[in-house]
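What follows is one structure encoded as structure tokens, with my remarks underneath.
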Amino acid sequence: MKRPPTSHERAAGQAWDASYQQGPAPWELGRPQAAIARLAAAGAFVGPVLDCGCGSGAHALALAERGIEVLGVDVAETALARARQEAAARGLSVEFARADALNLAPLGRQFRTVLDSGCFHTFDSEEQLRYAASLAAVTEPGGKAYVLCFSDQGSDLGPHPIGEADLRRAFHPPRGWELSALEPERIEARIRAEAFPAWLATLLRLPG
């Protein structure tokens, strides 16, 4: 799969896969984010589910444990290999595939629910628009997407703070989405004990 580097990769001077080659990436907890775990417990994820930017698969694996059909996609082969190994070790039926979040249409599949934990906030403003369109191409009308991303609200911000206006600009009706809920949340990371301010956006895929 050929693709141009994202803005994050250009700024970092390395591909996403490099983040996983020396062990867990800074954002890998080995378990789901608390906000995502609460959504799962509430029955928010209806299969088939797309876990976009799945990394080593903690969220996809947790959903599979609940008997939910899920596909985890990422561009980092090292992360995907770890996810597959963990799925096999736990005897879980879950699929992982390499795919470009900015061009998901080649998957040729439709999903009822999309999970994004920490993917949207890695993109610049132009990529955010492409990402919203990419997700729309693989989400069933009436389906939902849940986006957990760093917030620009507070004094202890994460490395990619996102404003409410950024989410509304990317996910709005002309692009096939309605932002139906936006709640303050927290994102955990291995780089410090305290969680970072976050948004949890609930998005509805509109018909057409």
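Start at 1 with the first residue, then count along the sequence. Note that these values count all heavy atoms, side chains included, but never hydrogens, waters or copies made by symmetry. These figures come from a predicted structure and were not determined experimentally.
In summary, R186 and E194 do not engage in a salt bridge, as defined by a charged side-chain N under 4.0 Å from a carboxylate O. A salt bridge links E188 with R31: the distance from a Lys NZ or Arg NE/NH1/NH2 to an Asp or Glu carboxylate oxygen falls below 4.0 Å. Of the charged side-chain nitrogens involved, none lies within less than 4.0 Å of a carboxylate oxygen, so that R82 and E28 do not count as a salt-bridged pair. One finds no salt bridge joining E178 and R168 here, because no Lys/Arg side-chain nitrogen approaches an Asp/Glu carboxylate oxygen to under 4.0 Å.
Minimum heavy-atom separation, E77 to R84: OE1-NH1, 4.1 Å.
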Notebook entry, point to check: Do F171 and F120 pass the ring pair (Phe, Tyr, Trp, His ring centres under 6.0 Å) test, and can you show the C-alpha distance, the side-chain angles, and the key distance before you say yes or no?
Noted result: CA-CA 11 Å; F171 296 103; F120 177 81; 5.5 Å; yes
Next item on the list: Start with the C-alpha gap between D124 and Q128, add the side-chain angles, then the distance that decides, and say whether side chain to side chain donor-acceptor pair (under 3.5 Å) holds.
Entry: CA-CA 6 Å; D124 66 20; Q128 290 168 5; over 6 Å; no
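With a 4.5 Å cut-off on side-chain heavy atoms, R3 and T6 count as touching.
Side-chain atoms of D51 come within 3.5 Å of backbone atoms of A60 as a donor-acceptor pair (strictly under, hydrogens ignored). With hydrogens and angles ignored, the 3.5 Å screen pairs a side-chain donor or acceptor of W177 with a backbone N or O of A132. For W27 (side chain) and G118 (main-chain N/O), no donor-acceptor pair under 3.5 Å exists by modelled atom type.
Side-chain polar atoms of S134 and N103 form no donor-acceptor pair below 3.5 angstrom.
In this pair, F45 and Y146 present their aromatic rings perpendicular. The plane angle is above 60°, beyond the 30 to 60° band.
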